[in-house]
Amino acid sequence: MVMGLINANPVIHEKKERRVRQAPETTDENAVEPIDQLEIFDHIRDIKDPEHPYSLEQLNVVTEDSIELNDERNYVRVTFTPTVEHCSMATVIGLCIRVKLIRSLPPRYKVDIRVAPGSHSTEAAVNKQLNDKERVAAALENPNLLDMVEECLSPTFD
């Protein structure tokens, strides 16, 4: 975790109860399974904040409503809200969300990660960084940054 907290006293929210997902009716392993908003949320809700020992769900950085999905067009947009508008970890949080979805979703999906409008002082710059393939690839080549992403994505057993 980072020393010198940007937001020393974040508001902690209750985790939503996990809903049981139904198994697909078809057993055809070549069939394309539809993906819904809840499935996307389930993939990202437990990502740990890089600064606090809480999940992005607990900090209300991501919500089920902040996910746009068009399964027919293979498009996912996650809009996240940093806890403070000058959050220096916003790019890292967005990178964690992107990496988690790239690892979890079929490769046919285009993933778009955005900071909620008006929620960050450098919103345009953060959005540009998070959606530029070359910048994302370069960031993931940085061993320190990659370690931070891996730490945020590591499972918790609570």
Side-chain angles (χ1 to χ4, degrees), residues 1-16 18 35-71 73-158:
M1 296 297 149
V2 178
M3 300 309 231
L5 299 177
I6 302 295
N7 183 3
N9 296 308
V11 176
I12 310 304
H13 301 266
E14 289 283 324
K15 284 185 168 185
K16 287 185 175 181
R18 293 192 188 268
I35 294 176
D36 62 16
Q37 190 178 12
L38 176 60
E39 183 171 348
I40 301 297
F41 183 64
D42 281 344
H43 285 303
I44 64 174
R45 69 192 302 178
D46 294 323
I47 295 172
K48 289 181 280 196
D49 183 84
E51 192 175 48
H52 297 286
Y54 303 107
S55 71
L56 297 185
E57 177 187 21
Q58 288 174 298
L59 294 172
N60 215 30
V61 172
V62 294
T63 63
E64 200 173 333
D65 293 334
S66 68
I67 299 165
E68 297 173 46
L69 172 70
N70 187 326
D71 196 40
R73 294 192 176 170
N74 302 314
Y75 178 79
V76 175
R77 173 181 279 177
V78 177
T79 303
F80 70 97
T81 306
T83 59
V84 291
E85 75 171 30
H86 53 278
C87 177
S88 63
M89 293 287 138
T91 306
V92 174
I93 292 168
L95 187 61
C96 290
I97 294 169
R98 174 172 292 288
V99 168
K100 180 65 175 181
L101 291 177
I102 287 171
R103 290 178 180 176
S104 303
L105 295 175
R108 70 178 186 269
Y109 279 89
K110 177 179 182 340
V111 175
D112 186 24
I113 308 296
R114 299 273 174 196
V115 174
S119 69
H120 197 274
S121 57
T122 60
E123 173 187 335
V126 171
N127 287 341
K128 185 174 183 177
Q129 285 181 309
L130 293 175
N131 292 294
D132 181 312
K133 287 181 183 179
E134 287 79 20
R135 289 183 188 197
V136 169
L140 294 174
E141 288 177 5
N142 177 325
N144 295 327
L145 194 51
L146 185 58
D147 285 347
M148 187 181 292
V149 169
E150 294 296 349
E151 175 64 26
C152 292
L153 298 182
S154 66
T156 57
F157 302 101
D158 55 350

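Quantities reported herein were computed from a predicted structural model and do not represent experimental measurements.
In terms of heavy atoms, Val76 sits closest to Tyr109 at CG2-CD2, 3.7 Å. Nearest approach of Ser119 to Glu123, heavy atoms of both residues: N-OE1, 4.3 Å. The heavy-atom pair separating Lys48 from Pro155 by the smallest distance is NZ-O, 4.4 Å. Of all heavy-atom pairs between Gln37 and Leu69, the closest is N-CD2, 3.6 Å. Taking each heavy atom of Thr79 and Val115 in turn, the nearest pair found is CG2-C, 4.0 Å. Closest approach of His120 and Val84 over heavy atoms only: CD2-O, 4.3 Å.
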Val111 and Val78: CA distance, side-chain angles, deciding distance, side-chain contact (heavy atoms from CB on, under 4.5 Å) verdict: CA-CA 8 Å; Val111 175; Val78 177; 5.8 Å; no
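Side-chain contact between Pro106 and Ile35 is present, with at least one heavy-atom pair separated by less than 4.5 Å. At least one side-chain heavy atom of Val61 sits less than 4.5 Å from a side-chain heavy atom of Thr83.
Panel note: side chain Asn131, backbone Asn127; a donor-acceptor pair is recorded below 3.5 Å. A side-chain donor-acceptor contact under 3.5 Å links Ser104 to the backbone of Lys100. For Arg114 (side chain) and Arg77 (main-chain N/O), no donor-acceptor pair under 3.5 Å exists by modelled atom type.
Atoms CD1 and CZ, from Ile67 and Phe41 in turn, are 6.5 Å apart once rounded to the nearest 0.5 Å. Taken to the nearest 0.5 Å, the CD1 atom of Ile93 stands 12.0 Å off from the CD1 atom of Ile113. Rounding to the nearest 0.5 angstrom, the gap separating the SG atom in Cys87 from the CG atom in Asp49 is 7.0 Å. Here Asn74 contributes atom CG and Asp71 contributes atom CG; the two are 6.5 Å apart, rounded to the nearest 0.5 Å. With rounding to the nearest 0.5 Å, the separation of CD in Glu64 from CD1 in Ile44 is 10.0 Å. To the nearest 0.5 Å, atom SG of residue Cys96 and atom CG of residue Leu101 are 11.0 Å apart.
For the side chain to side chain contact (heavy atoms under 4.5 Å, CB included) criterion with Cys152, the lone passing option out of Ile97, Leu95, Ile47 is Ile47.
More than 12 heavy atoms of other residues, nucleotides or ligands sit less than 6.0 Å from atom CZ of Arg108. Counted within 6.0 Å of NZ on Lys128, heavy atoms from surrounding residues, nucleotides or ligands total 12 or fewer; the atom is thus considered open.
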Extract all donor-acceptor atom pairs below 3.5 Å that involve side chains of residues 136-150 and protein atoms in other chains or at least two apart in sequence.
from, atom 1, to, atom 2, distance (Å)
Asn142, OD1, Asn144, N, 2.9
Asn142, OD1, Leu145, N, 3.2
Glu150, OE1, Arg103, NH1, 3.2
Glu150, OE2, Arg103, NH1, 3.4
Glu150, OE2, Arg103, NH2, 2.5

